[in-house]
Amino acid sequence: MTPQSHEIRLDRLHLCTFEQALGLRNRGFEGYYTNMTVTMEQLLTLFSDYGIRPELSVVARFGEQPVGFVFLAFKTVNGVKLAWNGGTGVFPEYRGHGIAKAMMEEVRRILETEAADRAFLEVVTKNTHAVSAYEKGGFRIVDQITGMSLSEPLVQLFSGMAVPAGVRLNYGNCSDAAAIPFYRHEAAWDCQWHNIREGESLILTDSRNEVIAYALFQRKRSADGAISSVNLYQCEADPLRADKSVLFGILLHQLFGESDGAYAKQAVNLSMSHPELIALLKEAGFTTNYEQYLMMWERK
């Protein structure tokens, strides 16, 4: 049966059972560009780790049947209220009837009611229908981001590995990067400093102790202490520096090049705004898994 707009009603995710929420997530992403199926444990981890709010997340129903969803997360960071669209999906047989557009209009109303300052989402670049729905919901494209990976040893070590005189390497917490003048605030939700679980920062300073570059990453080790994976989330250099390639090379070498084994190496939703950074990763053997748009909504 083809749904009519008046037959679709919107309510909230907390009115669904756990099983319905899992079914919404998996069937809503059915036929997507990659397999997006998750288990109940993975779904609950997503909600917990990224602050999904069931009482504010949107569900579309046809009759009593849930057929679409938008997962919404909220968090206040340094006095700024942030939100994230953690997934929008519609059951395959109900697509093309304006349900996503209706849900995004409801999302905009929720963002305004909750007095959010900014909201973020990530969408695959070739998903033009979704991009259009998000734009109608008040979101705009602010960056292009990519996922890259390498499980084998590096094809070649990163250039610029020698640390120039006067440059210091400072390891710390992700929060240490928050006050850097060129910190990238417009980043994918899982790449923002406050969402990187067990994350670390590597900050480069010059002879005057001024920050010239930084990286945010997560490094995991096996039971014997060996590195099992390294995920890179942000890698930025002072935009006024002419030697950004050298600085990126130093950061990447410190993160990936010192233990050149066959462990999992990933760049997660990394900004593509620095062509020299992407080129260094590709030269080292990283391959592109996906490209997405980062979209943002701002309160007027």
Engineer: What about the rings of Phe29 and Phe69, do their centers lie closer together than 6.0 Å?
Structural biologist: yes
Engineer: State plainly whether one hydrophobic cluster holds both Leu240 and Val211, where clusters connect Ile, Leu, Val, Met, Phe, Trp and Tyr through side-chain heavy atoms under 4.5 angstrom apart.
Structural biologist: no
Engineer: Look up atom CG in Asn26 and atom CG in Leu22, then write down how far apart they are to the nearest 0.5 Å.
Structural biologist: 4.5 Å
Engineer: When you look at Phe286 and Phe256, which way does the ring-ring contact (aromatic ring centres under 6.0 Å, His included) test go after all the steps?
Structural biologist: CA-CA 11 Å; Phe286 281 72; Phe256 297 113; 5.3 Å; yes
Engineer: How long is the straight-line distance from CG of Asn289 back to OG1 of Thr146, given to the nearest 0.5 Å?
Structural biologist: 7.5 Å
Engineer: I'd like to know if Glu105 pairs up with Lys136 as an ion pair, taking the criterion as any Lys NZ or Arg NE/NH1/NH2 lying under 4.0 Å from an Asp or Glu carboxylate oxygen.
Structural biologist: no
Engineer: Do Leu169 and Leu202 make a side-chain contact, defined as non-hydrogen atoms from C-beta onward lying under 4.5 Å apart?
Structural biologist: yes
Engineer: With a 4.0 Å cut-off, would you call Arg184 and Asp143 a salt bridge?
Structural biologist: yes
Engineer: I'd like to know if Lys81 and Asp117 make a salt bridge, using a cut-off of under 4.0 Å between side-chain N and carboxylate O.
Structural biologist: no
Engineer: Could I get the full list of ring pair (Phe, Tyr, Trp, His ring centres under 6.0 Å) partners for His185, not counting sequence neighbours?
Structural biologist: Tyr183
Engineer: Minimum heavy-atom separation for Val163 to Gln254, with atom names?
Structural biologist: CG2-NE2, 4.5 Å
Engineer: Would you call Glu106 and Arg109 a salt bridge, using N to O less than 4.0 angstrom?
Structural biologist: yes
Engineer: What class does the angle between the rings of Trp189 and Trp84 fall in, given that below 30° is parallel, 30 to 60° is tilted and above 60° is perpendicular?
Structural biologist: parallel
Engineer: Check whether any side-chain heavy atom of Leu252 sits under 4.5 Å from a side-chain heavy atom of Leu277, and report yes or no.
Structural biologist: yes
Engineer: How long is the gap from CG on Asn269 to CG on Leu232, to the nearest 0.5 Å?
Structural biologist: 11.0 Å
Engineer: Kindly confirm or rule out a cation-pi arrangement of Lys265 over Tyr263, judged by NZ or CZ under 6.0 Å from the six-membered ring centre and within 45° of its axis?
Structural biologist: yes
Engineer: A quick test of your reading: do over 12 heavy atoms of other residues, nucleotides or ligands sit less than 6.0 Å from NZ of Lys101?
Structural biologist: no
Engineer: Checking ring-ring contact (aromatic ring centres under 6.0 Å, His included) for the pair Phe217/Tyr233: CA distance, chi angles, key distance, verdict?
Structural biologist: CA-CA 6 Å; Phe217 63 98; Tyr233 295 95; 9.1 Å; no
Engineer: Quick test of your reading: applying salt bridge (charged side-chain N to carboxylate O under 4.0 Å, His left out), list the pairs with at least one residue in residues 186-211, sequence neighbours left out, ordered by first then second residue.
Structural biologist: Asp49-Arg197, Glu200-Arg219, Asp206-Arg208, Arg208-Glu210
Engineer: Give a yes-or-no answer on whether the side chains of Gln192 and His194 include a donor-acceptor pair shorter than 3.5 Å.
Structural biologist: yes
Engineer: Could Arg12 and Glu55 be called an ion pair, given the rule that one side-chain N must be under 4.0 Å from one carboxylate O?
Structural biologist: no
Engineer: Is it true that Arg27 and Glu30 have a side-chain N and a carboxylate O under 4.0 angstrom from each other?
Structural biologist: yes
